[in-house]
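Please read the structure below before turning to the comments.
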2 protein chains.
Amino acid sequence: MTVPAASGLPHADVGEDPSPEAVQLIELLFFAYRDFTGDADAILAEYGYGRAHHRVLHFITRYPGLRVADLLLILNITKQSLARVLRQLVEGDLVVQSAGDTDRRERRLHVTPAGRALMRRLVGAQARRIKRATGLSGNGADAAIRRFLTAMIEPETREMVSTMLNLPKLSKDLNGELQP
Amino acid sequence: MTVPAASGLPHADVGEDPSPEAVQLIELLFFAYRDFTGDADAILAEYGYGRAHHRVLHFITRYPGLRVADLLLILNITKQSLARVLRQLVEGDLVVQSAGDTDRRERRLHVTPAGRALMRRLVGAQARRIKRATGLSGNGADAAIRRFLTAMIEPETREMVSTMLNLPKLSKDLNGELQP
DNA sequence: CAAATATGTCAATATGACTGACGTAAATTC
DNA sequence: GAATTTACGTCAGTCATATTGACATATTTG
């Protein structure tokens, strides 16, 4: 398989110096990510939701018992931005909130069966595309791709992602929930 | 190097079935793309531009002499959406328009020196991140990553990207411009 | 009890996208 | 040469997602 953006566009020209390989990857990332999110967008549109809802639903599904503050850290948005999306998910009965066990100010977030059903559809669509892509990428490509994407993440963010659920407070609580 | 999202989050849970590897890549894609665009966002903010301007500037830089219609196809947006962004780029003297040689209805788009300067900064920042990431991904990872990202693109889009500048009309005109 | 924390909410604003309708100039077709 | 099509622009209204800033409420903690 050849690389479209290169094979088809012999006369491309980006400034002076920058490495053509990097520029190629910049374009591939743009198109790949756009179509990747497109899978989910189409499904979400049926429900009247958008990407923001997807992201929230995803992380609540992935890390049940997540608090609002955790979501804000993960998504890197303001609570005002989150509020509307989260309210709609709760109103749509995809997510439920409950006061924290030890700290009743906290709103622990959980996905309802309906939310799980939607997530299955979304993950299904996106996983299908990813499976196809990794399948076409050759043997052992999987690890290389994971390393690449991981290295693309801002070190700070990377650390946040990896350590977030290990933070004393959150980890303690989550373990309590997940290993009862 | 380990994979944060996996190593740090042993208790993750997404629905029932979906392959953990795919789910992991879904998350990595989210964070990787967010931080990747973040590089450019920070620079663009200095100029009062946004991602939309970046995309337009990128493709005009990459394919000089592009027509408005081509941009609409590439970006998959409406002309009304493009109009404001393009107008701002022209007003900001980053892009110039000129009537087509053979068809004077066309607006052939070109980047000005100022536009090139901005693009150099943007590409520089993004290329740096990509270089770092590919560098950390091991030998031969480059090809695997390109194949993966290419395969992630919707086949239709993929074809569009690869053939667009080979279309009789555009290819002819562009060749005339690029190989005078 | 006072202070800090977790969350919610009101209000105003920006960006980037959309639909629909209409206009204009130039090329193409009959 | 008139009619149609094409390339592009523009006006108007809307929506989704995000922002900043200010303030409210409940609960925990020192």
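In what follows, every chain begins at residue 1, and chains take the letters A, B, ... in the order their sequences are listed. Predicted model only: the values in this text are computed from it and were never measured.
K79(B) pairs by the side chain to side chain contact (heavy atoms under 4.5 Å, CB included) definition with L72(B), not counting sequence neighbours. For Y33(B), the ring-ring contact (aromatic ring centres under 6.0 Å, His included) partners are Y33(A), F36(B), not counting sequence neighbours. With sequence neighbours left out, R132(A) forms a side chain to side chain contact (heavy atoms under 4.5 Å, CB included) with R129(A), L136(A), P155(B), R158(B). By the ring-ring contact (aromatic ring centres under 6.0 Å, His included) test, F59(B) is found to be paired with F30(A), F31(A), residues two or more places apart in sequence or in another chain being considered. Partners of F148(B) under the ring-ring contact (aromatic ring centres under 6.0 Å, His included) rule, at least two apart in sequence or in another chain, do not exist in this structure. With sequence neighbours excluded, no residue forms a side chain to side chain contact (heavy atoms under 4.5 Å, CB included) with R128(A). In this structure A40(A) satisfies the side chain to side chain contact (heavy atoms under 4.5 Å, CB included) test together with L44(A), H54(A), L122(A), Q126(A), sequence neighbours excluded.
One can place CD of E106(B) at 14 Å from P of dT6(D), the figure rounded to the nearest angstrom. For the pair L86(B) CG and dG16(C) P, the interatomic distance rounds to 14 Å; values are reported in whole Å.
Sorted by first and then second residue, the salt bridge (Lys or Arg N to Asp or Glu O under 4.0 Å) pairs with a member in residues 40-49 of chain B read D41(B)-R51(B), E46(B)-R121(B); sequence neighbours excluded.
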Could you write out each protein N or O paired with an N or O of nucleotides 24-30 of chain C at a distance under 3.5 Å?
{"residue": "dA27(C)", "atom": "OP1", "partner": "R104(B)", "partner atom": "N", "Å": "3.2"}

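At the phosphate of dA17(C), OP1 or OP2 sits under 4.0 Å from a side-chain N or O atom of R55(B).
Of the residues in residues 43-50 of chain A, those with a non-hydrogen atom less than 4.0 angstrom from any atom of DNA chain D are G50(A). Residues from residues 75-85 of chain B placing a heavy atom under 4.0 Å of any atom in DNA chain C, listed by number, are N76(B), I77(B), T78(B), Q80(B), S81(B), R84(B). Near-neighbour residues of DNA chain D inside residues 34-42 of chain A, defined by a heavy atom below 4.0 Å, are absent.
Surrounding CG of N76(A) are more than 12 heavy atoms belonging to other residues, nucleotides or ligands, all under 6.0 Å away. By the 6.0 Å contact criterion, CD on E91(A) is enclosed, its count of non-hydrogen atoms from other residues, nucleotides or ligands being greater than 12.
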